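The structure presented is a predicted model; accordingly, all values stated were derived computationally and were not measured.
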Amino acid sequence: MKKLLLTASVAGLLLFNSCSTVPLTGRSRLNLVSNDQVLPMAFQAYSEFLTENKTTVLPASNAQALKVKTIGSRLISAVQTYMNNNNYGNLIQDYKWEVNVVQNNEKNAWCMPGGKIVVYTGILPVTQDDAGLATVMGHEIAHAIAGHSAERMSQEMVAQGIGTAGGVALSKNPRAQSTFNTLYGVGAPIAMLKYSRNQELEADRLGLIFMAMAGYNPQSSVSFWNRMSSASANAQKPAEFLSTHPSDATRIAQIQKYLPEAQQYYKK
């Protein structure tokens with residue numbers, strides 16, 4: 001019993017000392033891993049993903065790939081400006097930005113820590129235009145910038161009892177690497193880990209700012225999410241209180257509240 005209590009006390013102390021805030025929004029979060037730990041895993045996972053999908057990665061000369069990469073370049077420049085202007089440039093100093101497009105019918109896109117971005121062609125008919133695509137990419141980049149992967153990993157590590165400490169090479173921990181890969185679907189896991197509702201809405205807010213700074217009207221994001229809602233209307237979706245994602249109506253309503261802030265950054 002004493003050993004059990006001691007273990008619980010140590011775990012509680014670890015969680016207490018590992019609480020931090022999201023620099024860009026001030027939201028409290030659990031953070032057991034640093035960029036030094038998570039970036040090597042991201043770079044390894046991204047390299048493995050490209051290798052496993054090399055036959056479906058579109059060449060840079062492809063029109064769709066060129067469009068995505070051009071918008072990605074503008075967003076990356078905007079993010080760098082935003083971070084530097086707000087004294088957070090150190091958080092992305094080790095990023096190795098890269099954008100790739102994969103021929104896949106899935107309506108999906110993601111950005112790993114370290115700026116490793118993938119857009120699936122299946123989402124392009126829904127994005128329709130440059131602003132729609134900037135909405136998606138800005139949102140996914142925001143997940144990386146806000147450290148949502150490290151936060152999600154920390155939560156899963158606590159659940160699985162995976163310990164960590166400063167200087168520990170998590171990339172050499174099979175369970176930690178598996179947890180990271182699961183977050184992005186690398187290696188075709190049974191089920192992907194999902195971001196929380198708070199993280200999703202946080203990414204919406206920051207994504208609007210990034211796309212606005214890149215020269216894309218953030219008001220266009222409402223049209224995109226309406227199209228996304230219509231595209232998934234026939235799919236079976238859980239009630240909002242059972243889902244880790246906000247409902248379409250909740251997301252759109254919240255985006256409307258974020259727009260005045262984002263609009264201040266928009267210049268045609």
Side-chain angles (χ1 to χ4, degrees), residues 24-25 27 63-72 74-76 78-79 82 99 101-111 117-146 148 184-185 192 194-268:
L24 301 174
T25 66
R27 178 177 60 83
Q64 289 180 316
L66 182 60
K67 178 178 180 178
V68 173
K69 288 176 180 288
T70 298
I71 294 173
R74 290 177 61 172
L75 284 166
I76 291 167
V79 169
Y82 181 84
V99 181
V101 182
V102 173
Q103 187 71 47
N104 188 307
N105 291 331
E106 185 178 348
K107 297 178 181 64
N108 198 16
W110 40 262
C111 177
I117 304 167
V118 164
V119 173
Y120 292 15
T121 55
I123 203 170
L124 298 182
V126 185
T127 60
Q128 290 189 359
D129 53 27
D130 289 2
L133 187 52
T135 300
V136 173
M137 296 181 71
H139 172 89
E140 295 305 323
I141 290 172
H143 275 306
I145 296 301
H148 290 163
Y184 291 98
M192 289 179 65
K194 301 296 184 182
Y195 291 118
S196 70
R197 299 179 204 178
N198 284 339
Q199 291 170 330
E200 284 294 325
L201 293 175
E202 198 167 59
D204 284 340
R205 176 189 170 189
L206 294 174
L208 291 174
I209 293 174
F210 296 155
M211 70 178 290
M213 290 185 66
Y216 302 100
N217 192 338
Q219 291 191 12
S220 300
S221 63
V222 176
S223 298
F224 164 75
W225 285 114
N226 279 320
R227 292 195 299 272
M228 195 67 178
S229 177
S230 298
S232 59
N234 296 326
Q236 185 175 359
K237 300 173 66 177
E240 182 179 0
F241 67 90
L242 296 176
S243 174
T244 57
H245 284 59
S247 69
D248 296 328
T250 296
R251 164 169 264 150
I252 292 172
Q254 193 61 50
I255 284 176
Q256 295 278 15
K257 295 179 181 179
Y258 294 148
L259 282 176
E261 176 189 23
Q263 207 68 36
Q264 298 177 34
Y265 294 89
Y266 176 56
K267 294 181 180 180
K268 294 183 180 179

* Nearest 0.5 Å please: distance from the OH atom of Tyr82 over to the CE atom of Met213. => 8.0 Å
* Structure fact -> When rounded to the nearest 0.5 Å, the distance separating CD of Glu200 from CZ of Arg251 is 5.0 Å
* For Glu140, check salt bridge (charged side-chain N to carboxylate O under 4.0 Å, His left out) against everything at least two apart and list the hits. => none
* Structure fact -> Between Pro218 and Leu208 the two heavy atoms that sit nearest each other are O-CD2, 3.8 Å
* If you take all heavy atoms of Glu202 and Ala146, which pair is closest and at what distance? -> OE1-CB, 4.2 Å
* **Test log, rule side chain to side chain contact (heavy atoms under 4.5 Å, CB included), inputs Tyr258 and Leu201** => CA-CA 10 Å; Tyr258 294 148; Leu201 293 175; 3.8 Å; yes
* Asked: Quick one: does Met137's side chain get under 4.5 Å of Thr127's, heavy atoms only?
  -> no
* With respect to Cys111, which candidate in Val119, Ile117, Ile145 satisfies the side-chain contact (heavy atoms from CB on, under 4.5 Å) definition? -> Ile117
* To do: State, with a plain yes or no, whether a side-chain heavy atom of Arg74 is found less than 4.5 Å away from one of Tyr216.
  => yes
* Asked: If you measure from CD on Gln103 to CD on Gln64, what distance do you get to the nearest 0.5 Å?
  -> 6.5 Å
* To do: Working to the nearest 0.5 Å, report the span between CD of Glu106 and CD1 of Ile123.
  => 9.0 Å
* To do: Give the intermediate values and the outcome of side chain to side chain contact (heavy atoms under 4.5 Å, CB included) for residues Gln254 and Asp204.
  => CA-CA 9 Å; Gln254 193 61 50; Asp204 284 340; over 6 Å; no
* Side chain Thr70, main chain Leu66, donor-acceptor under 3.5 Å -> yes
* Asked: At their closest point, which heavy atom of Pro260 faces which heavy atom of Gln256, and how far apart are they?
  -> CD-O, 3.5 Å
* Asked: With a 4.5 Å limit on heavy-atom distance, are the side chains of Val99 and Ile71 in contact?
  -> no
* Please check if atom NZ in Lys67 has more than 12 non-hydrogen atoms from other residues, nucleotides or ligands closer than 6.0 Å. => yes
* To do: Output all residues satisfying side chain to side chain contact (heavy atoms under 4.5 Å, CB included) with Ala203, sequence neighbours left out; order by chain, then residue number.
  => His139, Ala142, His143, His148
* **Minimum-distance pair of heavy atoms, taken over all atoms of Leu75 and Ala214** => CD2-CB, 3.9 Å
* Got Gln264 and Ile209 here, is their nearest side-chain heavy-atom distance under 4.5 Å? -> no
* **Inter-residue atom distance Phe224.CZ - Ser229.OG, 0.5 Å rounding** => 10.5 Å
* If you look at every heavy atom in Leu259 and Ser221, which pair is closest and at what distance? -> CD2-OG, 4.3 Å
* To do: Would you give the length of the straight line joining atom CG of Asn105 to atom OH of Tyr120, rounded to the nearest 0.5 angstrom?
  => 12.0 Å
* Structure fact -> On a heavy-atom basis, the closest approach of Thr135 and Met211 is OG1-CE, 3.4 Å
